[in-house]
Amino acid sequence: MSEKELIKQIQELPTDAQREATDFVEFLYNRYVARSKSDKKIRKSISQSSFRGIWKDRKDMQDSTQWVRNIRKSRWTR
């Protein structure tokens, strides 16, 4: 099927079906094209991430393992 035929068929669809076709093409684009483009970008290490140090001033999170234990204990035990 040529590009012109495809466009003609899409234009003949009802509005809702056109929207659905557009959404599906966008989904496929994001799945196959955008992902491969983003995979080619150089990724920063986690230490260069903007999230690094976000909780550094929180006294309750100095020991992350203990913090998780306390949260679990407070929410899962009675």
Side-chain angles (χ1 to χ4, degrees):
M1 176 182 303
S2 73
E3 188 177 331
K4 285 183 180 183
E5 291 172 325
L6 179 61
I7 291 171
K8 184 178 184 236
Q9 285 184 354
I10 291 172
Q11 288 173 339
E12 291 177 4
L13 292 171
T15 305
D16 288 344
Q18 287 180 13
R19 226 175 277 124
E20 191 174 335
T22 302
D23 289 345
F24 184 65
V25 170
E26 186 176 355
F27 163 77
L28 291 174
Y29 178 85
N30 288 328
R31 184 172 190 181
Y32 295 105
V33 178
R35 180 188 298 172
S36 67
K37 286 182 181 179
S38 71
D39 287 347
K40 291 177 185 175
K41 292 180 183 176
I42 298 172
R43 296 182 184 209
K44 293 180 185 179
S45 86
I46 191 108
S47 65
Q48 295 173 331
S49 167
S50 60
F51 291 110
R52 183 173 182 258
I54 196 168
W55 291 301
K56 68 181 177 187
D57 297 328
R58 299 248 340 233
K59 301 295 181 202
D60 60 331
M61 290 190 183
Q62 296 302 315
D63 179 356
S64 60
T65 305
Q66 187 60 44
W67 180 79
V68 170
R69 282 188 190 124
N70 291 340
I71 291 294
R72 288 179 179 162
K73 185 186 280 185
S74 70
R75 296 191 181 164
W76 294 349
T77 59
R78 295 188 188 252

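Only a predicted model underlies this, so the values are computations on that prediction, with no experimental measurement involved.
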Results of side chain to side chain donor-acceptor pair (under 3.5 Å) for R72 - residues two or more places apart only: none
query: Counting only heavy atoms not in E3, do more than 12 fall under 6.0 Å of its CD?
result: no
- prompt: Any donor-acceptor pair under 3.5 Å linking the side chain of E5 with the backbone of S2?
  reply: yes
- line: CG of D63 to CZ of R69, rounded to nearest 0.5 Å, is 7.5 Å
Sequence neighbours left out, cut at 3.5 Å: what donor-acceptor pairs do the side chains of residues 17-27 make with other protein atoms?
| unit_1 | atom_1 | unit_2 | atom_2 | d |
| --- | --- | --- | --- | --- |
| Q18 | NE2 | I10 | O | 3.2 |
| Q18 | NE2 | Q11 | O | 3.0 |
| Q18 | NE2 | L13 | O | 3.0 |
| R19 | NH1 | D16 | OD1 | 3.0 |
| T22 | OG1 | Q18 | O | 2.8 |

message: Using 0.5 Å steps for rounding, measure from the CZ atom of R58 to the CH2 atom of W67.
response: 7.0 Å
